[in-house]
Amino acid sequence: MKNLLSEKIRKNFGKAIRKLRLSRNLTQEELSERIGVSREWISKLECGKSSPSWLDLLIFMIVIKFETIEEVNLFLEEATSGVFIHTF
């Protein structure tokens, strides 16, 4: 399947995921086990070499346990920093 996210968003998203994972004191192995994916996939995601499915993203958000809506907004801002997003 073709990767639908731009390289910039994939890299930003990966950095934002890594930052959240570390803030929760989780290793890539622990996060991968909780989400149900391989550690290698988490590594590729954090390096911007892979994109999550919507289901993976939903599970990630549940596992990470965002504490406030502000934390969700900060994550999304970091993931889309410097990227123009088209809206319809």
Side-chain angles (χ1 to χ4, degrees):
M1 176 191 291
K2 183 177 179 183
N3 204 327
L4 299 178
L5 295 180
S6 75
E7 182 177 354
K8 177 80 172 163
I9 290 178
R10 283 194 318 269
K11 287 185 184 249
N12 288 352
F13 188 79
K15 287 178 187 177
I17 284 180
R18 183 175 193 280
K19 182 177 177 180
L20 272 174
R21 176 180 62 78
L22 293 174
S23 76
R24 302 303 197 267
N25 295 315
L26 292 171
T27 65
Q28 286 182 343
E29 186 70 34
E30 291 167 329
L31 181 60
S32 69
E33 288 173 3
R34 292 182 185 188
I35 294 176
V37 297
S38 71
R39 190 213 49 84
E40 291 80 11
W41 186 82
I42 296 291
S43 177
K44 286 181 181 179
L45 186 66
E46 289 184 358
C47 291
K49 296 179 181 176
S50 186
S51 298
S53 69
W54 284 107
L55 180 57
D56 292 332
L57 183 56
L58 179 60
I59 293 169
F60 168 77
M61 294 178 89
I62 291 168
V63 166
I64 287 297
K65 297 179 183 170
F66 286 103
E67 296 173 4
T68 64
I69 193 66
E70 289 80 18
E71 192 175 36
V72 173
N73 287 335
L74 180 60
F75 171 76
L76 294 173
E77 286 174 14
E78 288 177 3
T80 59
S81 175
V83 177
F84 179 74
I85 304 216
H86 295 278
T87 58
F88 299 95

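Residue pairs meeting the side-chain hydrogen bond (donor to acceptor under 3.5 Å, both in side chains) criterion with at least one member in residues 54-64, sequence neighbours excluded: Ser53-Asp56. Every pair passing salt bridge (Lys or Arg N to Asp or Glu O under 4.0 Å) that includes a residue from residues 60-73 is listed here, sequence neighbours excluded: Arg24-Glu71.
Clustering ILVMFWY residues whenever any of their side-chain heavy atoms sit less than 4.5 angstrom apart, transitively, puts Leu45 in the very cluster that holds Ile59. Under the 4.5 Å side-chain contact rule for hydrophobic residues, Leu74 and Val63 do not share a cluster.
The salt bridge (Lys or Arg N to Asp or Glu O under 4.0 Å) search around Glu40 returns none, not counting sequence neighbours. Listed by chain and residue number, nothing satisfies the salt bridge (Lys or Arg N to Asp or Glu O under 4.0 Å) test with Arg34 (two or more places apart in sequence, or in another chain). By the side-chain contact (heavy atoms from CB on, under 4.5 Å) test, Leu22 pairs with Arg18, sequence neighbours left out.
Side-chain atoms of Ser32 and Trp41 form no donor-acceptor pair, as typed in the model, at a separation below 3.5 Å.
Through chains of ILVMFWY side-chain contacts below 4.5 Å, Leu58 is grouped with Ile62.
With hydrogens and angles ignored, the 3.5 Å screen pairs no side-chain donor or acceptor of Ser81 with any backbone N or O of Glu78. Side-chain atoms of Arg21 come within 3.5 Å of backbone N or O of Leu26 as a donor-acceptor pair.
A perpendicular orientation is assigned to the rings of Phe60 and Phe66, their planes being inclined by more than 60° (bins at 30° and 60°).
Separating the CD1 atom in Ile17 from the CG atom in Leu57 is a distance of 7.0 Å, to the nearest 0.5 Å. Atom CD of Glu29 is separated from atom OG of Ser43 by 11.5 Å, given to the nearest 0.5 angstrom. Here Asn73 contributes atom CG and Thr68 contributes atom OG1; the two are 8.0 Å apart, rounded to the nearest 0.5 Å. Atom-to-atom distance recorded for Lys49:NZ and Lys11:NZ is 8.0 Å, nearest 0.5 angstrom.
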